Amino acid sequence: VFPSINEGVRQAIINGKVNSVACFANHETAISNTIKLYDDLGDKAEMGCHLTISSGKPLTIKDNDAFTINGYFRDFSELNHDAIEKQLPVLKKELEAQVQVFLDAGIPITHLSCHHTTLTTTEPLFKTYLEVASKFKIPIRSVNIKPDKKETTYRLVLKFMLLDDVPIKRRKEIERFGKEINTYLQQFGTKILTPDILESSHYGPLPMRDIWEVSVPRLVDNKRNDLNEFIKRFKNAPFETGELMLHLIKESKETRKEDSKIDYPGVNKKYFDSRRIEFESINGFDFGKYPDIKLSSWTELGSQAEKMA
């Protein structure tokens with residue numbers, strides 16, 4: 001949606017640091033931007049659908065207070081879980097439409113993820129998410145978030161973000177389900193393919209304050225150290241596959257100007273500074289130091305599962 005993010009992703013693909021992209025479906029430029037990326041670099045990166053119920057406008061839902069305010073999806077902090085869970089068929093139809101719009105445009109979708117992890121917060125939402133993945137036979141982003149302290153911190157932040165709008169009983173349910181979600185996935189009726197873990201230590205820093213230019217080199221070094229530590233842990237862990245989650249941006253005066261014109265609530269521009277840190281970190285990272293770690297793909301994830309079966 002945002003030119004600065006699109007350019008950051010494009011450059012990281014060209015540099016061989018990124019090989020899959022999570023794309024929104026619900027903005028007027030989303031499909032054309034993705035088609036251009038796929039036409040230019042589709043042999044270097046797989047395209048995924050970044051399902052959303054907390055940014056932009058729905059594709060199929062009109063004037064429904066459970067999901068929207070003034071035509072836009074509710075903000076993440078204002079999600080009405082109770083009301084949404086009473087209309088799960090409506091939710092499922094919208095999520096399916098977000099995948100289908102890419103398929104109709106001729107873009108093969110190889111994986112699913114969800115914005116703000118909204119669809120992994122409660123059992124009914126997660127079940128609907130898995131049903132959509134099952135229908136299209138598409139893998140999903142891992143819900144096994146590492147390191148553990150990052151997942152704990154996320155759930156804590158989530159609890160505070162929902163403080164004003166979500167009853168305490170519901171917040172406790174969200175916290176509980178976070179601890180049970182991996183078991184739920186394993187016991188789901190259909191086998192849903194997913195990487196063994198999702199590495200999130202490269203994400204951030206959070207936008208608690210502006211990032212000063214003088215701090216950038218230190219923060220970039222910290223990110224690379226985090227990534228080195230992850231790979232060392234991964235090599236010694238009982239996992240075969242891992243997903244590295246990145247949020248990237250390549251800013252210029254031109255892209256900043258274009259970003260400011262875009263009407264797409266639900267992507268917080270306060271995070272753009274930290275996206276720049278991640279961009280500089282990953283583009284300067286030498287994966288060649290780890291010849292026994294292979295940059296794999298979502299398609300291979302499915303092939304591996306077939307061999308195991």
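Worth saying up front: this structure is predicted, and the values here are computed from it rather than measured.
Arg233 has no carboxylate O lying under 4.0 Å from a charged side-chain N of Glu229, or vice versa, which leaves the two without a salt bridge. Taking a cutoff of 4.0 Å between a charged side-chain nitrogen and a carboxylate oxygen, Glu278 and Lys223 do not qualify as a salt bridge. Between Asp292 and Lys235 there is a salt bridge, with a side-chain nitrogen of the basic residue lying less than 4.0 Å from a carboxylate oxygen of the acidic one. Ionic pairing of Arg276 and Glu213 is present here: one or more N-O contacts between side-chain nitrogen and carboxylate oxygen are shorter than 4.0 angstrom. Salt bridge status for Glu258 with Lys261: present, with a side-chain N to carboxylate O gap under 4.0 Å.
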Please lay out, stage by stage, how Arg256 and Glu251 fare under the test salt bridge (Lys or Arg N to Asp or Glu O under 4.0 Å).
CA-CA 6 Å; Arg256 210 175 297 130; Glu251 274 194 307; 3.4 Å; yes

Tell me, with the steps shown, if Asn33 and Thr29 meet side chain to side chain donor-acceptor pair (under 3.5 Å).
CA-CA 6 Å; Asn33 286 343; Thr29 65; 3.2 Å; yes

When you look at Lys127 and Glu85, which way does the salt bridge (Lys or Arg N to Asp or Glu O under 4.0 Å) test go after all the steps?
CA-CA 11 Å; Lys127 181 175 182 288; Glu85 290 177 8; over 6 Å; no

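Contact between Pro108 and Tyr38 at its shortest, heavy atoms only, is CG-OH, 3.3 Å.
Ring pair Phe24/His115: centre-to-centre distance below 6.0 Å. Checked against the 6.0 Å centroid criterion, the rings of His202 and Phe230 do not qualify as a close aromatic pair.
Considering only heavy atoms from C-beta on, Thr110 stays 4.5 Å or farther from Ile138 through its side chain. Ser134 has its side chain within reach of Ile192: a pair of non-hydrogen atoms, C-beta onward, lies under 4.5 Å apart. For the pair Phe67/Tyr72, no side-chain contact is recorded, criterion being any heavy-atom separation below 4.5 Å from C-beta on. Between Ile211 and Leu219, the closest side-chain pair of non-hydrogen atoms falls below 4.5 Å.
A donor and an acceptor atom, one from each side chain of His81 and Thr122, are nowhere located under 3.5 Å apart.
Residue pairs meeting the salt bridge (charged side-chain N to carboxylate O under 4.0 Å, His left out) criterion with at least one partner in residues 25-38, sequence neighbours excluded, are Lys36-Asp40. Within the structure, the salt bridge (charged side-chain N to carboxylate O under 4.0 Å, His left out) test picks out the following pairs touching residues 88-104 (sequence neighbours left out): Lys92-Glu131, Glu96-Lys135.
Considering only residues two or more places apart in sequence or on other chains, Asn228 meets the side chain to side chain donor-acceptor pair (under 3.5 Å) condition with Lys289, Tyr290.
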